[in-house]
Chemist: 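Can you read through this structure? Questions will come right after.
So you know, we letter chains A, B, ... as the sequences are listed, proteins then strands, and number each from 1.
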There are 2 protein chains.
Amino acid sequence: MNKNIRIVIIEDDSVLRMAYKSLLSDVDDYSVVNTYASFDEAKKELINDNPDITLLDIEMPGTTGLEAIPIIKKILPQTHVIILTVFDSEEKVFNALINGASGFLTKNSSSIKIIESIHEVAQGGGAMSMNIARVVMRSFQKNLDSPLTKRETEILDLIAEGQTKTQVADQLFIDLETVRSHVKNIYIKLDVNSKSDAIKIAKTKKFI
Amino acid sequence: MNKNIRIVIIEDDSVLRMAYKSLLSDVDDYSVVNTYASFDEAKKELINDNPDITLLDIEMPGTTGLEAIPIIKKILPQTHVIILTVFDSEEKVFNALINGASGFLTKNSSSIKIIESIHEVAQGGGAMSMNIARVVMRSFQKNLDSPLTKRETEILDLIAEGQTKTQVADQLFIDLETVRSHVKNIYIKLDVNSKSDAIKIAKTKKFI
DNA sequence: AAGCAATCACCCAAAACGGGTGATTTTAAC
DNA sequence: GTTAAAATCACCCGTTTTGGGTGATTGCTT
């Protein structure tokens with residue numbers, strides 16, 4: 001029985017905290033080195049705990065899980081953070097991912113899923129429950145009923161990357177006047193009259 | 001034994017095609033209504049097949065899986081496409097997601113994982129193998145060693161969204177001159193002298 | 001034959017941009 | 001409690017970009 005994956009659990013709900021602990025302690029190569037009810041409590045101890053995996057509740061008193069991620073990654077760059085959450089709002093998911101979470105599980109995940117996910121993450125993989133995967137994938141999907149033509153979409157894409165019309169023209173090997181002409185049509189179709197509005201509308205409607 | 005999830009398999013490798021077919025046909029509520037060696041072959045038949053799930057190989061002769069996704073979604077908007085692939089380059093993953101794939105499995109996925117994923121996707125979820133999840137998550141993670149300060153990052157973020165300095169100033173309730181000052185510092189730190197270069201560098205280095 | 005997409009042209013005034021140089025205040029770290 | 005870094009604002013300059021109007025040509029698709 002070799003325990004080589006060191007796990008820390010930070011979860012304010014004591015029932016859940018204990019449940020996770022007993023679940024994971026029973027796995028052969030898992031070792032729950034410590035559990036905490038808040039990040040503020042865990043903060044100073046984490047360096048000694050030196051976890052490979054940190055299970056982190058996103059809703060907590062004091063420092064929230066979201067705020068805690070970058071701090072944890074700062075003091076323990078090699079640890080993998082797995083977020084536990086009840087809800088899965090798009091904003092929270094992306095903030096967690098941006099801050100450096102390696103996994104994202106909703107609390108309705110089965111015991112098996114949790115154990116599996118820790119293995120995957122410890123091996124350098126990513127873990128997402130199906131709810132989260134759905135949110136992430138949806139965020140990528142473009143609207144297939146865009147009013148913009150292929151060329152217009154291409155041009156708006158480049159503009160959304162911060163390029164000027166002149167740069168777009170150079171990159172596409174067309175005249176500046178042509179780009180201007182396309183942009184005018186884009187503005188009419190999207191009913192806007194500026195770059196930023198066009199980008200905003202096109203992004204919210206998933207045209208780009 | 002009620003077969004209610006209709007599945008179509010499009011995969012040019014006949015061995016794999018048959019393997020998937022027999023694997024999935026044995027599942028109680030799955031019904032493999034047809035299999036094809038290429039999308040061009042499948043194209044006209046898909047309307048009659050009316051699959052709930054389409055398993056699609058990404059590397060195929062003729063129309064590639066990537067090109068096929070939007071066409072499939074066009075003629076069968078309600079079908080869920082699950083991509084099968086050997087490799088998992090970031091570009092392919094994102095193109096598939098953008099085009100409307102609901103799932104993404106590498107071919108080393110276990111039989112159980114495949115069966116599970118189809119269930120999840122059929123229920124409206126998303127499915128990703130751990131390799132893919134890792135790629136997706138990595139793409140989100142920002143560089144924690146950015147030379148930019150919090151405010152500078154915030155401002156560059158807004159500029160990258162297409163806003164002008166004036167709009168940024170209004171939004172952050174600070175003076176235009178302050179924004180200009182920050183932007184100047186950003187340009188120095190990133191060693192650039194234009195919006196588009198700053199955005200480009202900051203994005204490739206994951207500062208924003 | 002008609003319509004749409006993509007291409008280029010010229011006019012105009014307003015807005016935004018990039019660079020320089022400098023100052024003050026607030027915040028954070030040692 | 002000092003000191004450094006971050007955030008704030010100010011005014012100079014000339015150049016580039018932007019948005020709007022109006023119109024034309026070519027090619028593809030239906």
Chemist: What does Thr149(A) touch in the nucleic acid at a heavy-atom separation under 4.0 angstrom: a base, only the sugar-phosphate, or nothing?
Modeler: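 Touches sugar-phosphate only.
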Chemist: Please report the interatomic distance OG1(Thr178(A)) to CZ(Arg151(A)), rounded to the nearest 0.5 Å.
Modeler: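 Between Thr178(A) OG1 and Arg151(A) CZ, I get 9.0 Å after rounding to 0.5 Å.
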Chemist: Do nucleotides 12-22 of chain D as a string where each nucleotide becomes B, S or -: B if the base has a protein heavy atom under 4.0 Å, S if just the sugar-phosphate does, - if no protein is that close.
Modeler: B----SSBBBB
Chemist: For every nucleotide of nucleotides 24-30 of chain D, 5' to 3': is a protein heavy atom under 4.0 Å from its base (B), only from its sugar-phosphate (S), or from neither (-)?
Modeler: -------
Chemist: Distance-only, no hydrogens or angles: does the Ser146(A) side chain make a donor-acceptor pair with backbone N or O of Leu148(A) under 3.5 Å?
Modeler: yes
Chemist: Any ion pair linking Glu90(A) and Arg134(A) (charged N to carboxylate O, less than 4.0 Å)?
Modeler: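 Salt bridge flag = no for Glu90(A) with Arg134(A).
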Chemist: Thinking salt bridges, do Lys107(B) and Asp57(B) make one under a 4.0 Å N-O criterion?
Modeler: yes
Chemist: I need the minimum non-hydrogen distance between Lys44(B) and Ile47(B), along with the two atoms involved.
Modeler: O-CD1, 3.3 Å
Chemist: Does dA6(D) have OP1 or OP2 sitting under 4.0 Å from an N or O in the side chain of His182(B)?
Modeler: no
Chemist: Any donor and acceptor pair, going by atom type alone, linking the side chain of Tyr30(A) with main-chain N or O of Ile115(A) inside 3.5 Å?
Modeler: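 Flag set: sc Tyr30(A) to bb Ile115(A) pair under 3.5 Å.
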Chemist: Check this for me, if you would: do Asp40(B) and Lys43(B) make a salt bridge, where the nitrogen-to-carboxylate-oxygen distance has to be below 4.0 angstrom?
Modeler: no
Chemist: Under a 3.5 Å distance rule, please check whether Glu152(A) uses its side chain to pair with a backbone N or O of Thr149(A) as donor and acceptor.
Modeler: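 Yes; at least one donor-acceptor contact below 3.5 Å.
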Chemist: Rounded to whole Å, please give me the gap between CD1 in Ile174(B) and P in dA10(D).
Modeler: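 Taking atom P of dA10(D) as the reference, CD1 of Ile174(B) is at 12 Å.
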Chemist: Identify, between Asp175(A) and Pro147(A), the residue whose nearest nucleotide on DNA chain C lies closer to the 5' end.
Modeler: Pro147(A)
Chemist: Can you check the Glu152(B) CD to dA5(D) C1' distance for me, whole Å?
Modeler: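 For the pair Glu152(B) CD and dA5(D) C1', the rounded distance is 10 Å.
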Chemist: Between dG18(C) atom C1' and Ile155(B) atom CD1, what is the distance in whole Å?
Modeler: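 From Ile155(B) CD1 to dG18(C) C1': 16 Å.
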Chemist: Separation of Asn185(B) atom CG from dA5(D) atom P, in whole Å?
Modeler: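 It works out to 13 Å between those atoms.
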Chemist: Would you say Arg151(A) places a side-chain N or O within less than 4.0 Å of OP1 or OP2 belonging to dT7(C)?
Modeler: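 Checking Arg151(A) against dT7(C): at least one side-chain N or O falls below 4.0 Å of OP1 or OP2.
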